[in-house]
Asker: 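Right, I'll just put the structure down here and ask away after.
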Amino acid sequence: MNKKLIVAVLGLAFAGVAQAQSQNGVVLYGLVDGGLRFDRTNAGTLSSVTGGGASGSRLGVRGSEDLGNGMKANFVLEQGVDISDSSVPQGDVSLATASSSSTPRTSTGGRFFGRVATVGLSGAFGNVRLGRDYTPFYNVWSAADPFSAGTVGTVQNISVGNVTRFDNGIYYDAPSELLGGFKAGLALRLGESSTNNSAALAAGGSTATVPCTVTGVPASVGASCTVPTVNGAGVATPPNVVGASKFGGNAVSLSVAYASGPVYVGYGHNHVRNSLDNGRTRSHTLAGTYDFGIVKAHGLYWSTKDNSPASANLVPADANSWSIGLSAPVSGFNLMADYGRLDDKTANNFDARFFALGGTYALSRRTDFYAVASHLANRGNSHYLIADATNTGLQTSSNAGLPVPGFFGGNVNAGFSPSSFQVGMRHRF
């Protein structure tokens, strides 16, 4: 990433903050999260310094301009950073070795402002924006996670079908003040392919092994995928561009939620076309909390079905998962616990059970400590790893020959059950 560009952008950000009194609400903000993590692995104990365990560290700039008549122009630019090595957690962009109108358009290299980058308008009609942002599906379930989608205790360790953010997105949030406690959101992702191309862009033989991106495998390690090819001009390309379709990569995410007093309940749905447009992933989530005052109860349910060809399934193609949890504020502490199950309904039988216990302690309104322990009980041939807010399943095995069951990332011996303990601190500014 161009360091001069980063310095220039940060300089402009600070300049904007300095002029905030004379302009409309330009704000520099951020969060820094760092800690220690200890993982029980099939290869021994892994000790590591982690960045973004409870919440992803970030530096952001947001602002708005009053356009009159209740309408505002808004923007958000938010960059993620892993303080353990100054890397960019949202840095990987899908590979594309061919460039034509028949392939989904994608950037190459790392991301800049990879967490959020949007611009739009808000008013009595709601909030409309373009760019990269969180999906309504993610917003619904994360609001009911006792660990707020962070630390090694997050229940996303046993969920399937999650898509945290959309690239190339169009977002709409309905005006909540007009819905009587209800909130509704809709997001559309464009695959950005202009024509159909049913023939694979490759030559020589029936298959080829090419570099590709696999969730949970660091870019520095790399991964390979076997893709179909046909005879003809061209080169072997990653699965995201082979046989590109006009509608490949398109996706929809929507949510409806209700919050009033002690009650929160929400529903989210994702419908994602794969890049070849020969399969769909349909996911549903139900989420809810009830605050009894002394303790808050949390409940989550996910259901995902993927009808893509079996070779394309990196997650269970038909799975349900659920979790129940509790959180309780006690003298500056917030204690949290959850238990969940993942049931794979396919012949792979990649089932798992998950347990977590932890808490946070607030030193001030902006600074807190956290400590969490969790255990993921893999059943049968499953080999999931434990993720946190930034680290999507740490590599805990040198056994890279096993297939990767997707979202949970990494390679671990089938049937091995990892455990993790994490401590850290967060500071917001």
Asker: Under 3.5 Å, is there a donor on one side chain and an acceptor on the other for S253 and N270?
Answerer: yes
Asker: Do D82 side-chain atoms and S87 backbone N/O form a donor-acceptor pair below 3.5 Å?
Answerer: no
Asker: Which heavy-atom pair separates G293 from D291 by the least distance, and what is that distance?
Answerer: N-OD1, 2.8 Å
Asker: Rounded at 0.5 Å granularity, tell me how far CD1 in I386 sits from CD in Q422.
Answerer: 10.0 Å
Asker: A side-chain contact here means heavy atoms from C-beta on lying under 4.5 Å apart; do L28 and L59 qualify?
Answerer: yes
Asker: Any cation-pi pair here, R62 with Y29, using under 6.0 Å and within 45°?
Answerer: yes
Asker: For W322 and L286, what are the C-alpha separation, side-chain angles and deciding distance, and is it a side-chain contact (heavy atoms from CB on, under 4.5 Å)?
Answerer: CA-CA 9 Å; W322 58 265; L286 290 173; over 6 Å; no
Asker: Is the closest basic N to carboxylate O distance between D343 and R353 below 4.0 Å?
Answerer: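 Salt bridge flag = yes for R353 with D343.
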Asker: Please report the C-alpha distance between V256 and F182 in whole Å, then the side-chain angles of each, then the deciding distance to 0.1 Å, and finally whether the side-chain contact (heavy atoms from CB on, under 4.5 Å) criterion is met.
Answerer: CA-CA 7 Å; V256 178; F182 284 91; 4.3 Å; yes
Asker: Donor-acceptor pair, S64 side chain versus N74 backbone, under 3.5 Å?
Answerer: no
Asker: Would you call L342 and R379 a side-chain contact if the rule is heavy atoms closer than 4.5 Å?
Answerer: no
Asker: With the side chain counted from C-beta on, respond yes when T164 and Y134 share a heavy-atom pair under 4.5 Å apart, and no when they do not.
Answerer: yes
Asker: Could you tell me how the ring of Y138 sits relative to the ring of W141: parallel (under 30°), tilted (30 to 60°) or perpendicular (over 60°)?
Answerer: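 Ring orientation of Y138 relative to W141: perpendicular.
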Asker: Are R189 and V272 packed together at the side-chain level, in the sense that at least one heavy-atom pair is separated by less than 4.5 angstrom?
Answerer: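 Touching, per the 4.5 Å side-chain cut-off.
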Asker: How long is the gap from CZ on F292 to CG on L326, to the nearest 0.5 Å?
Answerer: 9.0 Å
Asker: Taking all heavy atoms of D388 and all of T154, pick out the closest pair and write down the distance.
Answerer: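 Closest heavy-atom pair between D388 and T154: CA-CG2, 4.4 Å.
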Asker: Determine yes or no for a side-chain-to-main-chain donor-acceptor pair under 3.5 angstrom, with N157 supplying the side chain and A387 the backbone.
Answerer: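 Answer holds: yes.
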Asker: With the threshold set at 4.0 Å, does a side-chain nitrogen-carboxylate oxygen contact exist between D39 and R37?
Answerer: yes
Asker: Is it the case that the side chain of T151 and the backbone of V372 share a donor-acceptor pair, with hydrogens and angles ignored and the cut-off at 3.5 Å?
Answerer: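 Not confirmed, T151 side chain does not pair with V372 backbone.
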Asker: Hey, is R58 close enough to D33 for a salt bridge, meaning N to O under 4.0 Å?
Answerer: no
Asker: Take R132 and Q90 through the side-chain contact (heavy atoms from CB on, under 4.5 Å) test and state the conclusion after the steps.
Answerer: CA-CA 11 Å; R132 174 174 166 84; Q90 297 80 29; 4.0 Å; yes
Asker: Ring-plane angle category for Y267 and H269, please: parallel below 30°, perpendicular beyond 60°, tilted otherwise.
Answerer: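 Parallel.
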Asker: Hey, mind stepping through R282 and D318 against salt bridge (charged side-chain N to carboxylate O under 4.0 Å, His left out) and telling me if it holds?
Answerer: CA-CA 10 Å; R282 298 175 175 86; D318 185 359; over 6 Å; no
Asker: Check the pair Y370, R426 against side-chain contact (heavy atoms from CB on, under 4.5 Å), reporting the backbone distance first and the verdict last.
Answerer: CA-CA 8 Å; Y370 58 87; R426 288 178 291 189; 4.0 Å; yes
Asker: For the pair R129 and D173, find out whether any cationic side-chain nitrogen is under 4.0 Å from an anionic carboxylate oxygen.
Answerer: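 Yes, charged N to carboxylate O under 4.0 Å.
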Asker: For the side chain of N127 and the backbone of S122, is there at least one donor-acceptor N/O pair under 3.5 Å apart?
Answerer: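 Answer holds: no.
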Asker: Search all heavy atoms of Q79 against all heavy atoms of V88 and return the closest pair with its distance.
Answerer: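 Here Q79 and V88 meet closest at NE2-CG1, 3.2 Å.
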Asker: Could you tell me if the side chain of Y301 sits less than 4.5 Å from the side chain of N320, heavy atoms only?
Answerer: yes
Asker: Can a donor-acceptor pair be found between the side chains of S159 and N162 at a distance below 3.5 Å?
Answerer: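 Per modelled atom types, S159 and N162 side chains form a pair under 3.5 Å.
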Asker: Taking Y384's backbone N and O only, do any of them form a donor-acceptor pair with N378's side chain (distance below 3.5 Å, no angle check)?
Answerer: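 Confirmed, N378 side chain pairs with Y384 backbone.
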Asker: Just verifying a value: how many Å separate L335 CG and T360 OG1, rounded to the nearest 0.5 Å?
Answerer: 8.0 Å
Asker: Determine yes or no for a side-chain-to-main-chain donor-acceptor pair under 3.5 angstrom, with S148 supplying the side chain and G150 the backbone.
Answerer: no
Asker: Side chains of H375 and S417: do they bring a donor and an acceptor to under 3.5 Å?
Answerer: no
Asker: Measuring from atom CG of D344 to atom OG of S382, what distance do you get when rounded to the nearest 0.5 angstrom?
Answerer: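 Interatomic distance, D344 CG to S382 OG, rounded to 0.5 Å: 8.5 Å.
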Asker: Strictly distance-based, threshold 3.5 Å: is any side-chain N or O of Y171 a donor or acceptor partner for the main-chain N or O of D133?
Answerer: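 Yes; at least one donor-acceptor contact below 3.5 Å.
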Asker: How many angstroms lie between CD1 in I324 and NE2 in H298, if you round to the nearest 0.5 Å?
Answerer: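 If we round to the nearest 0.5 Å, I324:CD1 and H298:NE2 are 11.5 Å apart.
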Asker: What is the minimum heavy-atom distance between V152 and S420, and which atoms define it?
Answerer: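 Reported closest heavy-atom pair: CG1-OG, 3.3 Å.
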Asker: With a 4.5 Å heavy-atom cut-off, do S283 and W302 have their side chains touching?
Answerer: no
Asker: Specify the closest pair of heavy atoms between G153 and A356, including all atoms of both residues, with the distance to one decimal.
Answerer: CA-CB, 3.6 Å
Asker: Is it the case that the side chains of T367 and H427 hold a donor-acceptor pair, with the cut-off being a distance below 3.5 Å and no angle test?
Answerer: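 Judged by distance alone, the side chains do pair up.
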Asker: Taking I158's backbone N and O only, do any of them form a donor-acceptor pair with S321's side chain (distance below 3.5 Å, no angle check)?
Answerer: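 Answer holds: yes.
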Asker: Look at the aromatic rings of F333 and Y361 and report parallel, tilted or perpendicular, splitting at 30° and 60°.
Answerer: tilted
Asker: Calculate, to the nearest 0.5 Å, the distance between atoms CG and CG belonging to L190 and N250 respectively.
Answerer: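 Going from CG on L190 over to CG on N250, the span is 6.0 Å.
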Asker: Please determine, by modelled atom types, if H284 and S303 share a side-chain donor-acceptor pair under 3.5 angstrom.
Answerer: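 No.
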Asker: Would you call R115 and R165 a side-chain contact if the rule is heavy atoms closer than 4.5 Å?
Answerer: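 When only atoms from C-beta onward are counted, R165 and R115 do touch, with a gap below 4.5 Å.
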Asker: Are D368 and R428 side-chain neighbours, meaning at least one heavy-atom pair lies under 4.5 Å?
Answerer: yes
Asker: Can you tell me how the ring of F421 sits relative to the ring of F38, calling it parallel under 30°, perpendicular over 60° and tilted otherwise?
Answerer: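 It falls in the parallel class, under 30°.
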Asker: Check R273 against F247 and note the closest heavy-atom contact, atom names and distance.
Answerer: CD-O, 3.1 Å
